[in-house]
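Ligands are counted one by one from 1 in listed order, and the atoms in each one are counted from 1 as well. Below, all heavy atoms of this structure are taken into account, side chains as well, without hydrogens, waters or symmetry copies.
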Amino acid sequence: MTIKVGIPGALLYYLYYPMWRTFFNELGVQVVTSGRTTKNILDQGTREALADACVPVKLFYGHVMDIKDKVDYLYIPRVVCLNRRTVYCPKFLGLPDMIRYSIKNVPPIIDVRMDTRQGRFAVVKAYLEIGKRLGAPILSVLLAYLKAVGVLHRYNRLLRKGWSPVQAMDFLENQAGGADFDGSAKSGLKFAVLGYPYAIYDSFISVNLIDKLRKYGVKVITAENIHPALLALQKNCSLPKRLFWTFSDRALKAAHFLFNQNKIDGVLHLTAFGCGPDSLLNKLIEMEAKKHSDIPFMTLMIDEQTGEAGMTTRLEAFVDMVRRRKEALACRK
Ligand code: SF4
């Protein structure tokens, strides 16, 4: 009987799902994912998670609840560091334990540790460990890993072209979709959307932020659309050192790059209620925005109560304000 591995559709799913799916499929393992967030998933997550957890972690709980009874294993790697410089937020480090000890009847969790500070081959070793757990021969595991890395590179290339994760995943899975990814910028406006990928790309919790902007004719740029080498060259605004946490560091560098490039008409920062690192990141991005007061900036906070109507009104007002401002500036020239 085919082994089934469950991958919850939250957190690192948005950056690594195509790689993980390829790896497991190559080993003959069936992947079951919870897919897109729904109200039911969010409600389940809110019920199961600790009250003071951030919204993305609550969502993760909901996605686990959605698939836990359909699979033989859950894949929840303990991702510590993947670039030898910054570490993932402590919630990522404790994720397998949080799930194991707070949800009843979860299947065995594949919780390999990934920390590239422990050596160049730390990640390969982690994948070999997964293969061992699934009873796969070493050579097959190595070949599956190499194929998965190739898929990850293709996926990242699509993201850099401006495709959303959902479009890029659909394309890689079915070789279809993704045609209308830049919203064709009908209004001539270009906005940067900053925030953690699992918040901005989750269309339910972000209340469809990116699609809405595209519908208003706005071209959207996110940190995932910028080449990592360019981001690596950025300073962390006026900070003398980088932030500890990977996604916060990336968001701040993207803010620095996009504000200084001066080719954007507005910046939106999506922040998650209950996020510890965001309490610092918000302030730092705000300080950067103040240095570029000619670029309109707005922070949007999401939580489990975020309503579509309120978010839409704020977005429409922001887009309208930026559009009028741009027209007024053009008339003065
Ligand atoms: S960075 Fe913030 S939003 Fe992301 S998992 Fe950590 S606490 Fe939650």
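Within the listing of ligand 1, atoms 3 (S), 5 (S), 7 (S), 8 (Fe) sit less than 4.0 angstrom from a heavy atom of Cys54. For ligand 1 and Cys89, the ligand atoms under 4.0 Å from any heavy atom of the residue are 1 (S), 5 (S), 6 (Fe), 7 (S).
In this pair, Tyr145 and Tyr127 present their aromatic rings tilted. The plane angle is within the 30 to 60° band. Note on ring orientation: taking the six-membered ring where Trp is involved, the planes of His292 and Phe259 are parallel (angle under 30°, cut-offs 30° and 60°).
By the 4.5 Å heavy-atom criterion applied to side chains, Lys190 and Ile221 are counted as neighbours. Annotation: side chain of Phe191 is in contact with side chain of Val322 (closest heavy-atom distance under 4.5 Å).
Heavy atoms from other residues, nucleotides or ligands lying under 6.0 Å from OH of Tyr16 number more than 12.
Heavy-atom proximity to atom 3 (S) of ligand 1, evaluated over Cys275, Pro90, Ser248, is greatest for Cys275.
Not a single N/O/S atom of Tyr196, whether from backbone or side chain, sits less than 2.8 Å from atom 4 (Fe) of ligand 1.
Atom 7 (S) of ligand 1 has as its closest protein heavy atom Lys91 NZ, 3.5 Å.
Ligand 1 is approached by Tyr198 to a heavy-atom distance shorter than 4.0 Å.
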